[in-house]
Amino acid sequence: YTDDWPAPLFLTNFSLDMGSTITHARLYITGLGYYRAFLNGKPIGESVHLDPAWTNYTKRTFYAAYDITKQIQHYLDPSDSQEPKASTREGKEVPVPFVLGVEVGNGWWNPLPMKMFGHFNFRDVLPVGPPMFKAALVVYYKYKGFDMEFSLQSKPDIWRTSG
């Protein structure tokens with residue numbers, strides 16, 4: 001797998017309405033191997049390398065919950081002119097597009113074929129496989145006075161990948 005899947009990048013798109021007020025947004029994510037998550041090309045979280053922590057993958061995996069409320073709201077705030085925003089077309093608001101990206105790597109889930117203590121091959125004593133991840137994005141927001149919820153789950157048909 002190390003040759004076939006060096007570090008695939010998975011991308012998915014979603015959009016939210018300009019003028020929405022984000023009350024709460026979280027990205028829940030885990031991976032077999034390592035991952036890095038991005039929103040519109042900018043890293044999510046402070047620990048941008050070597051997540052999740054190692055564990056015995058046959059028993060459990062650790063996940064992280066990232067609060068991305070400010071990161072999403074930043075793109076929906078029309079007063080912030082630093083980033084490109086949605087505009088209006090024929091008097092109607094155009095939704096703000098977002099791209100959620102996840103780059104996965106091998107880590108301990110798929111170590112290089114090397115000797116441990118001079119005679120054990122890591123791949124013979126650890127569970128191995130192609131790098132993979134699972135993620136859920138949940139956004140609670142208000143739009144035109146209504147409480148709204150947006151949810152994006154890890155399903156193969158919503159992600160596109162390179163490699």
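Throughout, numbering of the chain's residues begins at 1 and tracks the sequence. These numbers were taken from a predicted model, which means no experiment stands behind them.
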May I ask you to test the [X]-[Y] pair for a side-chain heavy-atom distance under 4.5 Å?
{"X": "Ile29", "Y": "Lys134", "result": "no"}
{"X": "Asn40", "Y": "Tyr75", "result": "yes"}
{"X": "Phe98", "Y": "Leu152", "result": "no"}
{"X": "His24", "Y": "Tyr141", "result": "no"}
{"X": "Met148", "Y": "Lys142", "result": "no"}
{"X": "Val104", "Y": "Tyr34", "result": "no"}
{"X": "Val138", "Y": "Tyr140", "result": "yes"}
{"X": "Val139", "Y": "Leu16", "result": "yes"}

Check your understanding: Considering residues at least two apart in sequence or located in another chain, which fulfil the ring pair (Phe, Tyr, Trp, His ring centres under 6.0 Å) criterion with Phe150?
Key -> Phe14
Over all heavy atoms of both residues, which pair between [X] and [Y] is shortest? Give the atoms and the distance, please.
{"X": "Pro97", "Y": "Ser15", "answer": "CA-CB, 4.1 Å"}
{"X": "Thr61", "Y": "Thr30", "answer": "OG1-OG1, 3.6 Å"}
{"X": "Asn13", "Y": "Arg160", "answer": "OD1-NH1, 2.6 Å"}
{"X": "Pro52", "Y": "Gly31", "answer": "CG-O, 3.3 Å"}
{"X": "Gly101", "Y": "Leu11", "answer": "CA-CD2, 3.7 Å"}
{"X": "Gln71", "Y": "Lys42", "answer": "NE2-O, 3.7 Å"}

Decide whether [X] and [Y] are clustered together by the hydrophobic rule: side chain heavy atoms of Ile, Leu, Val, Met, Phe, Trp, Tyr closer than 4.5 Å, transitively.
{"X": "Ile68", "Y": "Tyr143", "value": "yes"}
{"X": "Val102", "Y": "Phe62", "value": "no"}
{"X": "Ile158", "Y": "Leu39", "value": "yes"}
{"X": "Trp159", "Y": "Tyr35", "value": "yes"}

Which distance, rounded to the nearest 0.5 Å, do you find between the [atom1] of [X] and the [atom2] of [Y]?
{"X": "Leu32", "Y": "Tyr57", "atom1": "CG", "atom2": "OH", "result": "6.5 Å"}
{"X": "Gln73", "Y": "Thr69", "atom1": "CD", "atom2": "OG1", "result": "9.0 Å"}
{"X": "His74", "Y": "Ile22", "atom1": "NE2", "atom2": "CD1", "result": "13.0 Å"}
{"X": "Ile72", "Y": "Leu137", "atom1": "CD1", "atom2": "CG", "result": "5.5 Å"}

Practice item. Would you kindly say whether Ser151 and Glu149 are connected by a side-chain donor-acceptor distance under 3.5 Å? Key: no
